[in-house]
Amino acid sequence: MMTTKALLLLTISTQLVGAVCFVTPCILSSRAMLAVSKTTAGGQKLIRLADDSNLDHGLDDGTSEMIDCGGRRLFLSSLAASSALLGLPVSPAYAAKGAAEYDLEYYMRDLFMGNKLEGNLPVSNAPPPHPPRTLQGQLVPLLIDDELETCIAIQELAQITKTPISILAEQTRAVRTKVQPAFKSSHPWEDELVRDEYFFDLTCYAFWRVASAAIPTDYNKRDQFTRNIGRSLLNEIMSRGLISKKSIDTLQSSSSSQKAIVSLTDTVPCIIEILNLFQSTNYCTNYRLGDKNDEERTGLGVFDSLDDEEISSPSGGGSVNCLVSVFDPSTLGGALQITGEGSRFAPDFVGPTLAAVWELVGGDGVAAVSFESYFVDPVYRPNPKDFFPNERFYQFTIARK
């Protein structure tokens with residue numbers, strides 16, 4: 001009598017809303033001992049387990065189609081029964097390339113050898129940093145200045161904490177000196193001036209560390225400090241004429257004697273000019289206003305008259321969302337470092353400034369603006385420890401109070 005070996009069939013169905021995994025036990029003849037079948041017409045990843053000697057090298061070793069007819073029929077019939085039982089339609093368009101193979105390796109290693117808590121794969125080397133950009137223009141010293149005396153951030157921190165600017169500047173330089181070797185090893189700067197992108201990033205990190213110590217537990221005060229940076233920065237941008245007169249008139253009309261009502265659609269050209277200002281300063285390489293998956297709701301078309309009605313209607317309590325992406329911001333490294341340290345109180349100038357613009361919608365005190373920001377790595381990486389983002393992604397919510 002021919003001996004048989006009990007094997008497991010692992011079917012991984014990946015859909016847009018997530019992944020469903022289920023295991024179907026069956027008995028295969030000892031002849032059918034080869035590796036992985038690829039993707040069926042139904043879009044399912046079908047993986048048959050081989051000897052554990054293959055686990056360290058991955059199972060997709062080119063033998064995936066070398067399954068004998070009897071074994072293949074039994075394999076597919078077992079799979080079809082399991083799929084029909086769950087009744088889950090699957091499209092291969094939603095499957096991440098390599099995910100099934102990677103998951104299989106993880107589960108089999110856990111079964112035979114165990115997985116370490118910190119993972120079995122080391123972190124890959126980060127992509128080499130680009131040469132530091134040179135920040136330029138009147139906006140830069142408003143964000144951070146070399147002397148740490150006149151920039152808006154240090155003035156706002158001094159005001160809200162009642163701490164002299166000279167002490168905050170001294171503390172910032174001390175933190176910067178302490179962490180400088182670590183920052184320079186990964187993103188070397190060319191000049192120890194804030195016009196150098198990487199030295200600007202280092203200085204912002206050091207300053208926000210000082211701000212975190214100065215406002216240790218009062219999260220409302222931290223939020224107030226962040227928003228005050230945006231409001232003061234917007235006022236300076238307008239007073240120095242860094243955006244067009246038309247945009248300035250639009251934004252100032254809400255506080256003028258005429259009390260003109262500023263709508264969401266009115267603010268769009270102003271928002272674009274401010275984002276262009278950050279880009280022309282080399283603070284970032286590019287930006288996107290709106291949803292990348294909806295071409296009609298991007299750029300100048302990000303808001304429409306229905307959005308205006310949501311905010312302007314006195315009886316309504318509606319809200320409107322807006323997405324903004326900023327690519328390669330000059331504060332990215334410091335913000336990621338602080339986030340990795342377990343805090344969300346990180347350097348940011350774009351978010352508070354845009355929020356300050358939308359606070360003017362509908363007149364003084366009408367609109368409430370909240371926002372969250374996230375970091376996005378656009379590249380799929382099979383190692384879950386690899387995370388090399390280049391985008392800061394904002395989600396704003398403008399609501400009528």
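All values below come from the heavy atoms of this structure, side chains included, with hydrogens, waters and symmetry mates left out.
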Peer 1: Should Asn276 and Ile272 count as side-chain neighbours, where that means a heavy-atom distance under 4.5 Å?
Peer 2: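 Touching, per the 4.5 Å side-chain cut-off.
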Peer 1: With side-chain contact (heavy atoms from CB on, under 4.5 Å) as the test, pick out the partner of Leu264 among Val320, Asp304, Leu306, Val302.
Peer 2: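 Going through Val320, Asp304, Leu306, Val302 one by one, the side-chain contact (heavy atoms from CB on, under 4.5 Å) with Leu264 is satisfied by Val320 alone.
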Peer 1: For Tyr198, which residues count as a ring-ring contact (aromatic ring centres under 6.0 Å, His included) partner, sequence neighbours excluded?
Peer 2: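 Applying ring-ring contact (aromatic ring centres under 6.0 Å, His included) to Tyr198 gives His130, His187.
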Peer 1: Over all heavy atoms of both residues, which pair between Phe225 and Ala211 is shortest? Give the atoms and the distance, please.
Peer 2: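 Closest heavy-atom pair between Phe225 and Ala211: CE2-CB, 4.3 Å.
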Peer 1: Using a 3.5 Å distance criterion without hydrogens, assess whether the side chain of Ser212 forms a donor-acceptor pair with backbone atoms of Trp208.
Peer 2: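 The answer is no, because no donor-acceptor pair under 3.5 Å joins these two groups.
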Peer 1: Are Val369 and Val357 side-chain neighbours, meaning at least one heavy-atom pair lies under 4.5 Å?
Peer 2: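 Not touching, per the 4.5 Å side-chain cut-off.
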Peer 1: Taking atom CG of Asp201 and atom OG1 of Thr331, what is their separation to the nearest 0.5 Å?
Peer 2: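 These two atoms lie 6.5 Å from each other.
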Peer 1: Parallel, tilted or perpendicular: which describes the rings of Phe183 and Tyr205, with under 30° parallel and over 60° perpendicular?
Peer 2: tilted
Peer 1: Identify the heavy atoms of Ala368 and Lys401 that sit nearest to each other, and give their distance.
Peer 2: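 Minimum heavy-atom separation between Ala368 and Lys401: CB-CG, 3.8 Å.
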Peer 1: Parallel under 30°, tilted from 30 to 60°, perpendicular over 60°: which one fits the rings of Phe393 and Tyr374?
Peer 2: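 The rings of Phe393 and Tyr374 sit tilted, inter-plane angle from 30° to 60°.
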Peer 1: Indicate the atoms forming the closest heavy-atom contact of Ile398 with Ala367, along with that distance.
Peer 2: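 Closest approach of Ile398 to Ala367, heavy atoms only: CG2-CB, 4.1 Å.
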Peer 1: Could you go step by step and tell me if Phe375 and Leu336 meet the side chain to side chain contact (heavy atoms under 4.5 Å, CB included) rule?
Peer 2: CA-CA 8 Å; Phe375 302 101; Leu336 283 170; 3.6 Å; yes
Peer 1: Between Pro129 and Pro188, what is the shortest heavy-atom contact and its length?
Peer 2: CG-CD, 4.5 Å
Peer 1: Just checking, is any N or O donor in the side chain of Gln337 or Glu341 under 3.5 Å from an acceptor N or O on the other one?
Peer 2: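 Yes.
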Peer 1: Would you give the length of the straight line joining atom OG1 of Thr161 to atom CD1 of Ile167, rounded to the nearest 0.5 angstrom?
Peer 2: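 These two atoms lie 9.5 Å from each other.
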Peer 1: Would a 4.5 Å heavy-atom cut-off, applied to side chains only, mark Pro347 and Ile338 as touching?
Peer 2: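 Yes. Closest side-chain heavy atoms under 4.5 Å.
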Peer 1: Would you check, one step at a time, whether the test side chain to side chain contact (heavy atoms under 4.5 Å, CB included) holds for Phe200 with Asn282?
Peer 2: CA-CA 12 Å; Phe200 177 92; Asn282 280 335; over 6 Å; no
Peer 1: Can you check whether Cys284 reaches Gln279 side chain to side chain, under 4.5 Å on heavy atoms?
Peer 2: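 Heavy-atom side-chain distance check passes, below 4.5 Å.
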Peer 1: Does Val194 offer a backbone N or O that forms a donor-acceptor pair with the side chain of Asp146 under 3.5 Å?
Peer 2: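 Confirmed, Asp146 side chain pairs with Val194 backbone.
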Peer 1: Are any of the side-chain heavy atoms of Cys322 and Tyr394 separated by less than 4.5 Å?
Peer 2: no
Peer 1: Go through the steps to decide whether Ser312 and Val366 satisfy the test side chain to side chain contact (heavy atoms under 4.5 Å, CB included), and finish with yes or no.
Peer 2: CA-CA 9 Å; Ser312 62; Val366 172; over 6 Å; no
Peer 1: Under the ring-ring contact (aromatic ring centres under 6.0 Å, His included) test against Phe278, which residue among Tyr283, Phe349, Tyr287 passes?
Peer 2: Tyr283
Peer 1: Are the side chains of Arg222 and Ser343 in contact, using a 4.5 Å heavy-atom criterion?
Peer 2: yes
Peer 1: Check the side chains of Ser373 and Arg344 for a donor-acceptor pair under 3.5 angstrom, ignoring hydrogens and angles.
Peer 2: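 Side chains of Arg344 and Ser373: no pair found under 3.5 Å.
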Peer 1: For the residue pair Ser330 / Arg133, report whether a side-chain donor-acceptor contact shorter than 3.5 Å exists.
Peer 2: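 Yes.
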Peer 1: Heavy-atom distance under 4.5 Å between the side chains of Leu251 and Ile243, does that happen here?
Peer 2: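 Leu251 vs Ile243: side chains touch.
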Peer 1: Using side-chain heavy atoms (C-beta onward) and a distance below 4.5 Å, is Thr298 in contact with Asp294?
Peer 2: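 Answer no - side chains too far apart.
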Peer 1: Should the pair Lys245-Asp249 be classified as a salt bridge under the 4.0 Å nitrogen-to-oxygen rule?
Peer 2: yes
Peer 1: Phe303 vs Trp358 aromatic rings, parallel, tilted or perpendicular, using cut-offs 30° and 60°?
Peer 2: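 The arrangement is perpendicular - the two ring planes meet at more than 60°.
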Peer 1: Among side-chain atoms of Thr250 and Asp266, is any donor-acceptor pair under 3.5 angstrom?
Peer 2: no
Peer 1: Determine, step by step, whether Val140 and Arg195 satisfy the side chain to side chain contact (heavy atoms under 4.5 Å, CB included) criterion, reporting the C-alpha distance in whole Å, the side-chain angles of both residues, the deciding distance to 0.1 Å, and the verdict.
Peer 2: CA-CA 7 Å; Val140 179; Arg195 70 186 183 192; 5.5 Å; no
